[in-house]
Amino acid sequence: MRYSQTFIPTLKETPAEAEVISHRLMLRAGFIRKLTAGVYSYLPFGLAAIRKVEQIVREEMNRAGALELLMPMVQPADLWRETGRYEKYGPELLRFTDRHDRESCLGPTHEEVITDLVRGEVRSYRQLPLNLYQIQSKFRDEIRPRFGLMRGREFIMKDAYSFDVDDEQAGISYQKMYAAYQRIFARCGLQFRAVEADSGSIGGSYSHEFMVLAKTGEDTLAVCQHCDYAANVEKAAIKATADASVEPLLALVKIETPGKRKVEAVCEFLGIKSDKLIKTLIYMVTGGAEGVGTAGENSQQGYALAVLVRGDREVQEVKLKNLLGAAVVELAEDKAVFDLTGVPTGYLGPVGALGLKMKVVADFEIATMRNCVVGAGEKNFHLQNVNLGRDFEVDILADLRQIAEDDPCPHCGGVLGQIEGIEVGHIFKLGTVYSSPMRAVFQDQDGHERPMIMGCYGIGISRIVAAAIEQNHDDNGIVFPVAIAPAQVIILNLGLKDGAITAVAESLYAQLQTQGLTVLLDDRDERPGSKFKDADLLGIPFRVTVGTRLGKDGMIEIRHRRDGLTVDLAPDQAVKYLHDQISAALNQIEG
RNA sequence: CGGGGCGUAGCGCAGUCUGGUAGCGCACUUGACUGGGGGUCAAGUGGCCGGAGGUUCAAAUCCUCUCGUCCCGACCA
C-alpha cells in the first residue's frame with residue numbers, strides 16, 4: 001500500500017460522539033465512519049484489520065474441521081416460527097414485510113437457517129458429524145448501541161454450527177471448538193479468559209464465553225484466585241449456605257419508620273446492618289412458564305412476582321429469568337407496585353397479604369436469616385424480628401442473587417475476584433433445542449430416527465478489533481498486536497525530493513513485500529511530524545524511517561511501536577531484521 | 001423505554017441568556033519559505049445555524065412541534 005494512493009482519513013481531533021478509547025481511536029485513525037446509530041462503514045485500513053482477524057479465524061476453524069459456507073441475511077418469519085423464536089426473540093429482531101406482504105427478518109443469528117439446510121440434506125449417521133460456519137454481517141436492533149464497534153447494531157460475526165449423532169460426539173465437537181477458540185484469541189495477541197456463561201436467548205444446556213480482559217468491558221466476571229473457576233456473574237452459581245443463624249427467635253415488632261424507604265435509610269434509622277434486612281422487590285414477568293405465575297392470569301400478558309433478597313444483595317435478573325423460564329423480567333415501576341399492592345415502594349414486605357396477591361420467591365440466603373427487618377406492607381412502617389416459617393412463607397427458594405466478592409468460589413471455596421471483560425466469543429451446547437422442533441433427524445445404525453445434537457459457536461470479528469484496541473493503546477494511538485495489524489511495517493520516506501532516500505525507501509518497500517510482509521509506504525508530501533503522528537496513531541508495529549540520516553551515516557531507523565525500542569541499521573540489514581522480528585512475533589503466539 | 005446533553009463550514013467549538021451584517025481553531029485550495037514529532041507567512045474556498053410551524057419590522061437567538069445523535073439509567077424500594 002502506498003499511503004498517497006490509499007484512503008486513511010486520520011483526524012487530529014477526537015469526534016465528540018466517541019467516548020471509549022477504541023471508538024475514538026478507530027475514528028481518528030480513519031478505520032470506521034458512522035452511517036447511523038450503531039452502523040458503521042469499514043474504511044480500507046479498518047477493513048484490513050478485520051480481514052486479518054477473519055483470516056486467523058478461518059484458518060483455525062478449518063484446522064478444527066469446520067467448513068465455510070455463506071447463508072442469507074434475510075430470513076422468512078415462518079422459519080423462526082418453527083422454533084417459536086419469532087415470538088420470543090423480542091425487539092432486537094428487525095422484522096419487515098416484503099412487497100408480497102411476506103413477513104421477514106434480518107438474521108441476528110442463523111440457527112434456524114442452518115438447521116433447515118441440514119435437515120434437508122442429512123439423512124444418515126454416516127453424514128455426521130458436520131460443522132458449518134460463516135463469516136457475515138449480522139443485524140441486531142440493540143436497545144442502545146454504543147461504544148462504536150463494541151456494541152453496534154450491525155456487526156461482523158463468525159458463527160458455526162455443529163451436528164452430531166449423540167451427546168458424547170457433540171461434546172467432542174464442543175471441545176474442538178473450545179480448543180480452536182483458545183488458539184484464535186491467543187493468535188490475535190489478546191489477553192483473554194474463558195468463563196462459564198448463561199446461554200441466554202440462544203438456548204441450550206451449557207456454554208462458555210471468551211472474554212477479553214479490559215476495563216471497558218460490559219460484563220463482570222467472577223474469577224477464583226485459587227482454582228481455575230471463572231464465570232460470568234450472570235451465571236456464577238452460589239451454593240445454598242447450610243449453616244443458618246442460630247439466634248433465638250424474638251417477638252415480632254412493628255416500628256414507625258417515617259420516610260425511610262431506601263435500605264440505607266432504614267438501616268441507619270434502626271441502627272442495623274443491611275444484612276439484617278430483607279428487600280422485597282416486585283418484578284413484572286412476561287412469557288413465564290406455567291405454574292409459576294399467579295393462577296388465572298395469562299402469562300403472555302405478564303404477571304407480578306415478589307422477589308426477596310438480603311438488603312446488601314442484588315437480584316441477578318438472568319438467574320430469575322432462567323428460574324421462571326420467562327422471556328422478560330423487569331422491576332415494576334413505583335406506580336405499578338402501588339396499584340398492585342396498595343403499598344408504596346420502600347414499605348413492602350412478605351408478611352401478611354402480599355402472598356395472596358402474587359407468588360413470592362426468595363434467594364436461598366433468606367432461609368439462613370433470623371430476626372430480620374422487612375417493610376410492614378404499610379406506609380411508614382417496618383417490621384422487626386421477622387422470621388421465615390414463623391411470620392411468612394415463600395413459594396420458591398432458589399439461587400437468585402448476584403455473586404459478591406465475599407462469596408466463596410463455588411468449586412473450591414477459595415477467594416473470588418471480579419474483573420471486567422469484553423465478550424468476543426461464545427460457545428453453546430444446544431442439544432436438540434432446534435433440531436427437535438425443526439425435525440432435523442437422521443437414521444442411526446439401527447435404523448432408528450433420532451434428532452441431531454447441535455452446538456453453536458460465535459465470534460464477534462469486528463468486536464475483536466475494538467477489544468484489541470481497548471487492550472493495546474497508548475497516548476499516541478493504537479498499538480496493534482502484530483498478528484492483526486492492518487500493516488506490519490510502515491516506511492516513512494522523509495526525503496521525497498531526495499533521490500537516494502526515495503530509492504532506499506522504494507527498494508525496502510519492494511523487498512519487504514517480497515518477503516510476504518504487509519507494508520504501508522508513507523510517500524505523502526507531508527512534513528515529518530505528521531508522518532510520525534499518523535504512524536503512531538495507526539498502531540503499525542514496526543516503523544522504518546528513511547531520512548537525512550542516510551546521507552550522513554548510511555543508516556535507517558527501525559522503531560518498535562509497542563515499547564519504543566529503536567535500532568539503527570544499514571538498509572540491507574533491515575529486511576532480514578524485520579522479517580525475523582515479525583516471524584518471531586507470529587510464531588510465538590501461534591505456538 | 002425513562003432522565004440528561006448536544007445539533008452553527010469536513011472536524012472541534014464560540015455566538016443563543018439580553019433578537020439586529022454568522023465567527024474562531026484545525027482541515028481544504030493557491031503561492032512562498034520550510035523539511036526528523038501535527039511548521040511559518042500571505043491570499044482564498046466553504047454554512048437553508050438539523051427540520052417544520054409560530055411570534056416579530058427583524059429569529060442561529062424567543063415559543064410549539066418534530067427528527068437525529070450522544071451519555072446515564074433500566075441494579076433494587
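Below, read A as the first sequence line, B as the second, and so on, with proteins coming before strands; counting in each chain starts at 1.
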Distance criterion of 3.5 Å, no angle test: do you see the side chain of [X] paired donor-to-acceptor with the base of [N]?
X: A:Glu526; N: B:rG38; result: no
X: A:Arg527; N: B:rG38; result: no
X: A:Glu317; N: B:rC75; result: no

Nucleotide N/O to protein N/O under 3.5 Å, stretch nucleotides 2-6 of chain B:
none

Could you measure between the two [atom1] atoms, the one in [N] and the one in [M], and give it in whole Å?
N: B:rU8; M: B:rA14; atom1: P; value: 11 Å
N: B:rA43; M: B:rG5; atom1: P; value: 42 Å
N: B:rC48; M: B:rG7; atom1: C1'; value: 15 Å

Provide the Watson-Crick or G-U wobble partner of [N], both distances under 3.5 Å; none if there is no partner.
N: B:rU69; answer: B:rG5
N: B:rC48; answer: none
N: B:rU18; answer: none
N: B:rC62; answer: B:rG54
N: B:rG38; answer: none
N: B:rC26; answer: B:rG10

Quiz prompt | Min side-chain heavy-atom separation A:Phe542-A:His560 under 4.5 Å | solution =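 Result yes, sub-4.5 Å side-chain heavy-atom pair found.
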
Practice problem: For the residue pair A:Leu93 and A:Trp80, establish whether any side-chain heavy-atom pair is separated by less than 4.5 Å. | Solution: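 Side-chain contact under 4.5 Å: yes.
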
Practice problem: Please list, by residue number, the residues of residues 378-390 of chain A whose heavy atoms come closer than 4.0 Å to an atom of RNA chain B; answer none if no residue qualifies. | Solution: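 Close to the strand, none.
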
Can [X] and [Y] be counted as having a side-chain donor-acceptor contact under 3.5 angstrom?
X: A:Thr14; Y: A:Arg28; result: no
X: A:Glu506; Y: A:Thr502; result: no
X: A:Asp522; Y: A:Asn493; result: no
X: A:Asn476; Y: A:Arg561; result: no

Self-check item: Residue whose nearest RNA chain B nucleotide is more 5′ - A:Phe532 or A:Val233
Solution: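 This one resolves to A:Phe532.
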
Quiz prompt | Residue whose nearest RNA chain B nucleotide is more 5′ - A:Thr545 or A:Gly311 | solution =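 Whichever sits nearer the 5' end wins; that is A:Thr545.
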
Pair [X] + [Y]: basic N to acidic O under 4.0 Å:
X: A:Glu557; Y: A:Arg543; result: yes
X: A:Arg146; Y: A:Glu218; result: yes
X: A:Arg549; Y: A:Asp498; result: no
X: A:Lys319; Y: A:Asp399; result: yes

Protein-nucleotide distance ([X], atom [atom1]; [N], atom [atom2]), rounded to Å:
X: A:Ile282; N: B:rA74; atom1: CD1; atom2: P; value: 19 Å
X: A:Leu331; N: B:rA77; atom1: CG; atom2: P; value: 9 Å
X: A:Ile490; N: B:rG37; atom1: CD1; atom2: C1'; value: 14 Å
X: A:Leu27; N: B:rG12; atom1: CG; atom2: C1'; value: 13 Å
X: A:Lys321; N: B:rC76; atom1: NZ; atom2: P; value: 18 Å
X: A:Asp525; N: B:rU29; atom1: CG; atom2: P; value: 11 Å
X: A:Asp363; N: B:rC75; atom1: CG; atom2: P; value: 17 Å
X: A:Met284; N: B:rC76; atom1: CE; atom2: P; value: 18 Å

Practice problem: Would you give the length of the straight line joining atom CD of A:Gln471 to atom CG of A:Leu213, rounded to the nearest 0.5 angstrom? | Solution: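 Answer rounded to 0.5 Å: 6.5 Å.
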
When we call it a touch if two heavy atoms are under 4.0 Å apart, what does [X] touch: a base, just sugar-phosphate, or nothing?
X: A:Arg261; value: sugar-phosphate
X: A:Leu281; value: base
X: A:Arg28; value: base
X: A:Phe338; value: nothing
X: A:Arg310; value: nothing

Can you tell which of [options] lies closest to the side chain of [X]?
X: A:Lys497; options: B:rG36, B:rG35, B:rA77; value: B:rG35
X: A:Lys533; options: B:rG37, B:rG36, B:rC76; value: B:rG37
X: A:Pro15; options: B:rC11, B:rA77, B:rG36; value: B:rC11
X: A:Lys279; options: B:rG37, B:rG36, B:rC76; value: B:rC76

Quiz prompt | Whether A:Phe31 and A:Phe480 hold their rings parallel, tilted or perpendicular, with breakpoints at 30° and 60° | solution =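 The rings of A:Phe31 and A:Phe480 lie parallel, inter-plane angle below 30°.
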
Quiz item: Does the side chain of A:Lys12 get closer than 4.0 angstrom to OP1 or OP2 of B:rA27 through an N or O atom?
Solution: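 Yes, because at least one side-chain N or O of A:Lys12 sits under 4.0 Å from OP1 or OP2 of B:rA27.
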
Quiz prompt | Check: A:Arg313 main-chain N/O paired with A:Lys279 side-chain donor or acceptor under 3.5 Å | solution =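 Pair found, side chain donor or acceptor close to backbone of A:Arg313.
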
Self-check item: Non-hydrogen atoms of A:Pro9 and A:Leu43 that approach each other most closely
Solution: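 Nearest heavy atoms, A:Pro9 then A:Leu43: CG-CD2, 3.6 Å.
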
Practice problem: Please report the closest heavy-atom contact between A:Val343 and A:Glu378, naming both atoms and the distance. | Solution: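 The pair with the smallest heavy-atom distance is CG1-N, 3.9 Å.
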
Quiz item: Base, backbone or nothing for each nucleotide of nucleotides 66-71 of chain B, written B, S, -, heavy atoms under 4.0 angstrom, 5' to 3'?
Solution: ---SSB

